[in-house]
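All remarks here apply to the structure that follows.
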Amino acid sequence: MATRQSIEDCINRCESAILFANGQFTEANKQEHYYDVEFSEAQQGLENAVQELEKLTDSSNAQQREQLHRIRLKVQQLQNKMILQNHDHPLYSTWH
């Protein structure tokens with residue numbers, strides 16, 4: 001069984017990853033720096049959050065699973081936004 005503290009710690013880490021990723025997403029839109037190290041790190045942070053949520057969900061009760069599910073939706077929504085941002089601005093152009 002997951003402890004209340006482990007759930008809170010996980011949610012806090014996820015929220016930090018979301019804040020960092022949102023900042024990088026906003027910055028990428030402003031400056032058109034779509035492949036900066038920070039943008040990639042933000043994406044990796046979100047993926048790490050999803051993996052941590054998956055592991056913790058396995059040992060949580062129904063109420064905890066609901067909390068984890070809500071934060072996971074936020075994380076995955078931002079992941080999708082960032083992926084679409086990358087697809088809108090490919091790294092390599094097809095024309096020379």
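Residues Asn48 and Gln44 bring a donor and an acceptor atom of their side chains to less than 3.5 Å of each other. There is a side-chain donor-acceptor pair under 3.5 Å between Thr3 and Ser6.
Within the model, atoms CG of Leu73 and CZ of Arg70 stand 9.5 Å from one another, a figure rounded to the nearest 0.5 Å. Put simply, CD on Glu52 and SG on Cys14 are 6.0 Å apart, with the number rounded to the nearest 0.5 Å. Distance check, rounded to the nearest 0.5 Å: CG of Asp9 to CZ of Arg4 gives 10.0 Å. In this structure, Leu53 CG and His69 NE2 are separated by 11.0 Å, a value rounded to the nearest 0.5 Å. In this structure, CD1 on Ile7 lies 4.0 Å from CG on Leu56, to the nearest 0.5 angstrom. In this structure, Leu19 CG and Gln24 CD are separated by 12.0 Å, a value rounded to the nearest 0.5 Å.
The shortest distance between side-chain heavy atoms of Leu78 and Met82 falls below 4.5 Å. Looking at Phe20 and Glu41, their side chains come closer than 4.5 Å, going by heavy atoms from C-beta outward.
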| message | Run Lys81 and Asn22 through side-chain contact (heavy atoms from CB on, under 4.5 Å) and show every step you take. | response | CA-CA 10 Å; Lys81 255 174 62 172; Asn22 264 324; 4.2 Å; yes
| request: For side-chain contact (heavy atoms from CB on, under 4.5 Å), just list the numbers for Ile18 and Ile71, CA-CA rounded to whole Å, side-chain angles, deciding distance to a tenth of an Å, and then say yes or no. | output: CA-CA 10 Å; Ile18 289 169; Ile71 193 76; 4.0 Å; yes
| request: Show the numbers, then the answer: is there a side-chain contact (heavy atoms from CB on, under 4.5 Å) between Gln79 and Gln43? | output: CA-CA 7 Å; Gln79 277 184 307; Gln43 288 179 306; over 6 Å; no
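The salt bridge (charged side-chain N to carboxylate O under 4.0 Å, His left out) contacts involving residues 14-25 comprise nothing, where partners must be two or more places apart or lie in separate chains.
When all heavy atoms are compared, the tightest approach of Phe25 to Phe39 is CA-CE1, 4.1 Å. Closest of all the heavy-atom pairs between Ala42 and Ala21 is CB-CA, 3.6 Å.
No donor-acceptor distance shorter than 3.5 angstrom exists from the side chain of Glu66 to the backbone of Gln63, with no hydrogens or angles considered.
More than 12 heavy-atom neighbours from other residues, nucleotides or ligands sit within 6.0 angstrom of CD on Gln76.
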